[in-house]
Amino acid sequence: QVQLVESGGGSVQAGGSLRLSCAASEYTYSTFCMGWFRQAPGKEREGVATIASDGRTTYADSVKGRFTISKAEKTLYLQMNSLKPEDTAMYYCAARYSLSCTALLARFFGYWGQGTQVTVSS
């Protein structure tokens with residue numbers, strides 16, 4: 001059974017940093033493509049970053065150079081630096097059983113966490 005539990009959201013001023021965590025089962029962590037998505041009110045869920053089982057990463061253009069996805073000890077992380085008000089959203093951890101892991105499309109991911117809110121004030 002795939003279980004994903006996010007933590008680490010909160011409120012921060014523009015320019016600040018936050019680190020999100022997602023606890024996963026060992027099978028999920030080592031075998032699945034995993035990713036972070038976000039959804040702002042009134043907007044579609046968008047891909048932020050993914051990391052393949054072999055460690056290769058993919059980022060949305062809007063977060064390149066500011067966010068870093070990583071995984072260790074059965075936990076997925078998203079380090080977010082230089083945060084902007086437009087980064088405000090509910091952030092979700094997701095997983096898919098696939099070797100392909102470059103598509104930042106929510107419809108490809110079948111397993112989701114409950115979400116954690118990130119609010120960036122100007």
Side-chain angles (χ1 to χ4, degrees):
Q1 185 175 0
V2 177
Q3 290 186 321
L4 304 170
V5 181
E6 303 101 331
S7 61
S11 297
V12 65
Q13 288 191 327
S17 298
L18 283 173
R19 188 175 79 159
L20 306 183
S21 300
C22 174
S25 63
E26 184 164 359
Y27 176 73
T28 303
Y29 167 84
S30 61
T31 308
F32 282 51
C33 161
M34 300 187 73
W36 289 99
F37 291 76
R38 66 187 181 187
Q39 187 167 19
K43 295 188 176 182
E44 292 188 356
R45 192 168 296 189
E46 63 172 352
V48 175
T50 61
I51 185 165
S53 56
D54 64 1
R56 286 178 291 179
T57 58
T58 301
Y59 294 93
D61 288 343
S62 59
V63 306
K64 281 181 182 176
R66 300 189 299 123
F67 291 11
T68 302
I69 189 171
S70 63
K71 57 181 182 177
E73 299 296 326
K74 295 188 293 183
T75 302
L76 179 72
Y77 299 100
L78 184 69
Q79 178 66 43
M80 304 185 294
N81 298 328
S82 302
L83 282 162
K84 304 176 181 180
E86 51 264 43
D87 295 319
T88 295
M90 184 72 78
Y91 282 71
Y92 297 90
C93 172
R96 61 180 291 204
Y97 185 58
S98 174
L99 294 178
S100 174
C101 200
T102 58
L104 293 166
L105 296 173
R107 66 177 185 268
F108 289 163
F109 287 75
Y111 303 96
W112 295 87
Q114 81 286 355
T116 185
Q117 179 67 37
V118 171
T119 302
V120 184
S121 58
S122 58

Rounded distance (nearest 0.5 Å) linking atom CD of Gln13 with atom OG of Ser121: 5.0 Å
task: Could you tell me the separation between the SG atom of Cys101 and the CD1 atom of Ile51, rounded to the nearest 0.5 Å?
output: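 Rounded to the nearest 0.5 Å, the SG-CD1 separation comes out at 8.0 Å.
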Hey, does [Y] have a side-chain heavy atom less than 4.5 Å from the side chain of [X]?
{"X": "Phe32", "Y": "Val2", "answer": "yes"}
{"X": "Leu76", "Y": "Ile69", "answer": "yes"}
{"X": "Leu18", "Y": "Val118", "answer": "yes"}
{"X": "Arg19", "Y": "Tyr77", "answer": "yes"}
{"X": "Ser53", "Y": "Leu99", "answer": "yes"}
{"X": "Thr68", "Y": "Met80", "answer": "no"}
{"X": "Gln79", "Y": "Ser17", "answer": "yes"}
{"X": "Leu20", "Y": "Thr116", "answer": "yes"}

For the side chain of [X] and the backbone of [Y], is there at least one donor-acceptor N/O pair under 3.5 Å apart?
{"X": "Thr50", "Y": "Met34", "value": "no"}
{"X": "Lys43", "Y": "Arg38", "value": "no"}
{"X": "Tyr91", "Y": "Glu6", "value": "no"}
{"X": "Arg45", "Y": "Gln39", "value": "no"}

message: Counting only heavy atoms not in Tyr111 (residues, nucleotides, ligands), do more than 12 fall under 6.0 Å from its OH?
response: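 Check fails, neighbour count at 12 or below.
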query: Is the CD atom of Glu44 crowded by more than 12 outside heavy atoms at less than 6.0 Å?
result: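 No - once you tally the heavy atoms of other residues, nucleotides and ligands closer than 6.0 Å, there are 12 at most.
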message: Taking the ring centre of each residue, are Phe67 and Trp36 less than 6.0 Å apart?
response: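 When the ring centroids of Phe67 and Trp36 are compared, they turn out to be at least 6.0 Å apart.
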message: Salt bridge check, Lys64 against Asp61: does any charged N sit closer than 4.0 Å to a carboxylate O?
response: yes
query: Step by step, would you call Glu46 with Phe37 a side chain to side chain contact (heavy atoms under 4.5 Å, CB included)?
result: CA-CA 6 Å; Glu46 63 172 352; Phe37 291 76; over 6 Å; no
message: Do Phe109 and Leu4 land in one hydrophobic cluster if side-chain heavy atoms of ILVMFWY residues count as linked below 4.5 Å?
response: no
